[in-house]
**Q** 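The structure that follows is given in the form of structure tokens.
Computed from a predicted structure; not experimentally measured.
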Amino acid sequence: DRHGGIAFRNALEKVPTNAAKRYPNMPILQVIEARSPDHQTISISHLNGHLRNVRQFFRMCARNDSTFIVPNLEKLDLVDPVDAIDKRYPFTSGKLVKVFTQATTYQPDTHPGPMFWICAIGLYHGFRANEIATLKTTDIIEDFGTICIDLKIPDEVVKGERRGKSKTIPRRLPMHPVLIDLGFPEYVASRPEGLIFSDLPKSKDGYRSRKISDWATETVNSLGWKGQKLSYHSFRHTFLDALDDAGLPEKWKAYLGGWKLSGAMNKNYGSKEMKEYIIPAIGKIKYPGIPSALHDLLKQRDVTDAAT
């Protein structure tokens, strides 16, 4: 009945992430009781997905049994604070390697091509395409003794040259160790002062991300993934999954990803200030096997460059 549906939803709110791995062979109600405070609960989108599956199951029962009465489970979904465009259609590890392979060979006159770094930033920081396209060399700074990215509102928005509001929440973020290890700070240092990716033209609508989006779409289609709802924004979706897997507090996840989550805003969130405790948090964003794969791609590029 309706009350049972509400009780089911309320129970789902207490289910920890990766429950099957953390609490193997344990009934779900026991899992809820045993959940460690250190284990984050499943996301709202994950919870709503479970509710949709249950509703679909009951509808199937009704189609196969005319006497079955479908319980009223409508309008039980929780309000998801993540925008529709941020719904997760992430890249798998195998797909990531193939995308980065394409990115590494893009614009063969540079080593590695800017699209490699654009993809790497998207994967390890979850930035939107236009946030990356408008990064400046002066946005790479040092704070608390670590290399950081000072994400700002794009100049086009500040100067009124672009219509609409920006989804960017200005904040200072520690650069992910993998980006540092791959050599992104050195790449920035090699660029002339100004936009890091200055070869990305501004389109008529004021955005500099069109070339990134078009490249991603062409790459997805060329790899035979058309119709799988993959795009450049999938890097952000993949980043969100990694945040969930890292088990970070919601406030930290909101700060790192730039999401306006209910209850996550504080005087620090949305400002340029960065708390020192956030520095080790970025290193918890991990994709097993991907760093070594990226290093291998760069080595292969070195060999190709040497041969030519």
**Q** K136 vs D150, test: salt bridge (Lys or Arg N to Asp or Glu O under 4.0 Å). Steps then yes/no.
**A** CA-CA 9 Å; K136 298 178 181 179; D150 207 11; over 6 Å; no

**Q** If you measure from the Lys or Arg side-chain nitrogens to the Asp or Glu carboxylate oxygens, is any gap between R208 and D199 under 4.0 Å?
**A** no

**Q** Where do E13 and T41 land on the side chain to side chain contact (heavy atoms under 4.5 Å, CB included) test, with the steps shown first?
**A** CA-CA 7 Å; E13 291 187 81; T41 54; over 6 Å; no

**Q** Could I get the full list of side-chain hydrogen bond (donor to acceptor under 3.5 Å, both in side chains) partners for D139, not counting sequence neighbours?
**A** K152

**Q** Do M175 and T146 have side chains that get closer than 4.5 Å, going by heavy atoms?
**A** no

**Q** If I take atom CG from residue L243 and atom OG from residue S43, how far apart are they, to the nearest 0.5 angstrom?
**A** 11.5 Å

**Q** Apply the side-chain hydrogen bond (donor to acceptor under 3.5 Å, both in side chains) test between T17 and each candidate in Q40, H46, R22, R35; give the one that qualifies.
**A** R22

**Q** Tell me if the CZ atom of R210 is crowded by more than 12 foreign heavy atoms within 6.0 Å.
**A** no

**Q** Can you sort out the partners of Y23 under ring pair (Phe, Tyr, Trp, His ring centres under 6.0 Å), two or more places apart, ordered by chain and number?
**A** H39

**Q** Mind listing the closest non-hydrogen atom pair of S93 and I290 along with its distance?
**A** O-CD1, 3.9 Å

**Q** Specify the closest pair of heavy atoms between L73 and R2, including all atoms of both residues, with the distance to one decimal.
**A** C-NH1, 3.8 Å

**Q** Do L123 and I180 sit in one hydrophobic cluster, given that two such residues count as connected whenever their side-chain heavy atoms are within less than 4.5 Å of each other, even indirectly?
**A** yes

**Q** Between I118 and W215, is a side chain to side chain contact (heavy atoms under 4.5 Å, CB included) present by the stated rule, with each step listed?
**A** CA-CA 11 Å; I118 289 170; W215 173 85; over 6 Å; no

**Q** Are T219 and Q102 linked by a side-chain donor-acceptor pair shorter than 3.5 Å?
**A** no

**Q** Would you name the heavy atoms of R171 and G257 that are closest together and state the gap between them?
**A** NH2-C, 3.3 Å

**Q** Counting heavy atoms not belonging to E193, are there more than 12 under 6.0 Å from its CD?
**A** no

**Q** Honestly, is K253 close enough over W259, meaning NZ or CZ under 6.0 Å from the six-membered ring centre and within 45° of the axis?
**A** no

**Q** Side-chain contact test, heavy atoms from C-beta onward, threshold under 4.5 Å: evaluate it for L173 versus F127 and give yes or no.
**A** yes

**Q** Report the residues that fulfil side-chain hydrogen bond (donor to acceptor under 3.5 Å, both in side chains) with T67, sequence neighbours left out, ordered by chain and then residue number.
**A** D65

**Q** By side-chain hydrogen bond (donor to acceptor under 3.5 Å, both in side chains), which residues pair with R52, not counting sequence neighbours?
**A** none

**Q** Evaluate side chain to side chain contact (heavy atoms under 4.5 Å, CB included) for V15 paired with I28, printing each intermediate quantity in order.
**A** CA-CA 8 Å; V15 174; I28 194 64; 4.0 Å; yes

**Q** Students often mix this up, so state it plainly: with edges at 30° and 60°, are the rings of H233 and H237 parallel, tilted or perpendicular?
**A** perpendicular

**Q** Working to the nearest 0.5 Å, report the span between CG of L297 and OG1 of T104.
**A** 4.5 Å

**Q** Ignoring hydrogens and geometry, is there a side-chain-to-backbone donor-acceptor pair from N48 to L78 under 3.5 Å?
**A** yes

**Q** Do you know which two heavy atoms are closest between W117 and G183, and how far apart they sit?
**A** CH2-C, 3.6 Å

**Q** Can you confirm whether F184 sits close enough to I147 that some side-chain heavy atom of one is under 4.5 Å from a side-chain heavy atom of the other?
**A** no

**Q** Is any side-chain heavy atom of R172 less than 4.5 Å from a side-chain heavy atom of L151?
**A** no

**Q** Determine yes or no for a side-chain-to-main-chain donor-acceptor pair under 3.5 angstrom, with H176 supplying the side chain and I285 the backbone.
**A** yes

**Q** Are I149 and Y277 in one and the same hydrophobic cluster, where Ile, Leu, Val, Met, Phe, Trp and Tyr link if side-chain heavy atoms are under 4.5 Å apart?
**A** yes

**Q** Taking the side chain as every heavy atom from C-beta outward, state whether F197 and T134 have any pair of such atoms under 4.5 Å apart.
**A** no

**Q** Can you measure from OG (S231) to CG (D214) and round to the nearest 0.5 angstrom?
**A** 11.5 Å

**Q** Okay, side chain of E131, backbone of R128: is any donor-acceptor separation there less than 3.5 Å?
**A** yes

**Q** In terms of hydrophobic clustering (I, L, V, M, F, W, Y; side-chain heavy atoms under 4.5 Å; direct or indirect links), are L298 and L294 co-clustered?
**A** yes

**Q** How about CZ on F57, more than 12 heavy atoms from neighbouring residues, nucleotides or ligands closer than 6.0 Å, or not?
**A** no

**Q** So if you build clusters from Ile, Leu, Val, Met, Phe, Trp, Tyr with side-chain heavy-atom gaps below 4.5 Å, do F239 and V97 land together?
**A** yes

**Q** Calculate, to the nearest 0.5 Å, the distance between atoms CD1 and OH belonging to I140 and Y187 respectively.
**A** 11.5 Å

**Q** After noting the C-alpha distance and the side-chain angles of D241 and R236, does the key distance pass the salt bridge (Lys or Arg N to Asp or Glu O under 4.0 Å) rule?
**A** CA-CA 9 Å; D241 278 352; R236 185 165 171 82; over 6 Å; no

**Q** Are the side chains of Y255 and I278 in contact, using a 4.5 Å heavy-atom criterion?
**A** yes

**Q** Are M26 and L12 connected into the same hydrophobic cluster when the rule is that any two of I, L, V, M, F, W, Y join if their side-chain heavy atoms are below 4.5 Å apart?
**A** yes

**Q** What closest approach, in Å, do Y124 and L179 show between heavy atoms, and which atom pair accounts for it?
**A** CB-CG, 4.4 Å

**Q** Which residues satisfy the salt bridge (Lys or Arg N to Asp or Glu O under 4.0 Å) test with K98, sequence neighbours excluded?
**A** none

**Q** Quick one: list whatever passes side-chain hydrogen bond (donor to acceptor under 3.5 Å, both in side chains) with R191, sequence neighbours left out.
**A** S198

**Q** How many angstroms lie between atom CG of D296 and atom OG1 of T101, to the nearest 0.5 angstrom?
**A** 10.0 Å

**Q** Would you check, one step at a time, whether the test side chain to side chain contact (heavy atoms under 4.5 Å, CB included) holds for R55 with E74?
**A** CA-CA 8 Å; R55 287 195 293 265; E74 300 302 321; 3.4 Å; yes

**Q** Can you tell me how far apart CE (M115) and OH (Y232) are? Round to the nearest 0.5 Å.
**A** 9.0 Å

**Q** Within the structure provided, determine whether I282 and H125 are in side-chain contact (heavy-atom separation under 4.5 Å).
**A** yes

**Q** Taking all non-hydrogen atoms of both residues into account, name the closest pair between K95 and F91 and its distance.
**A** CB-CD2, 4.2 Å

**Q** Taking the side chain as every heavy atom from C-beta outward, state whether M274 and C148 have any pair of such atoms under 4.5 Å apart.
**A** yes

**Q** More than 12 foreign heavy atoms under 6.0 Å from CD of E142: is that the case here?
**A** yes

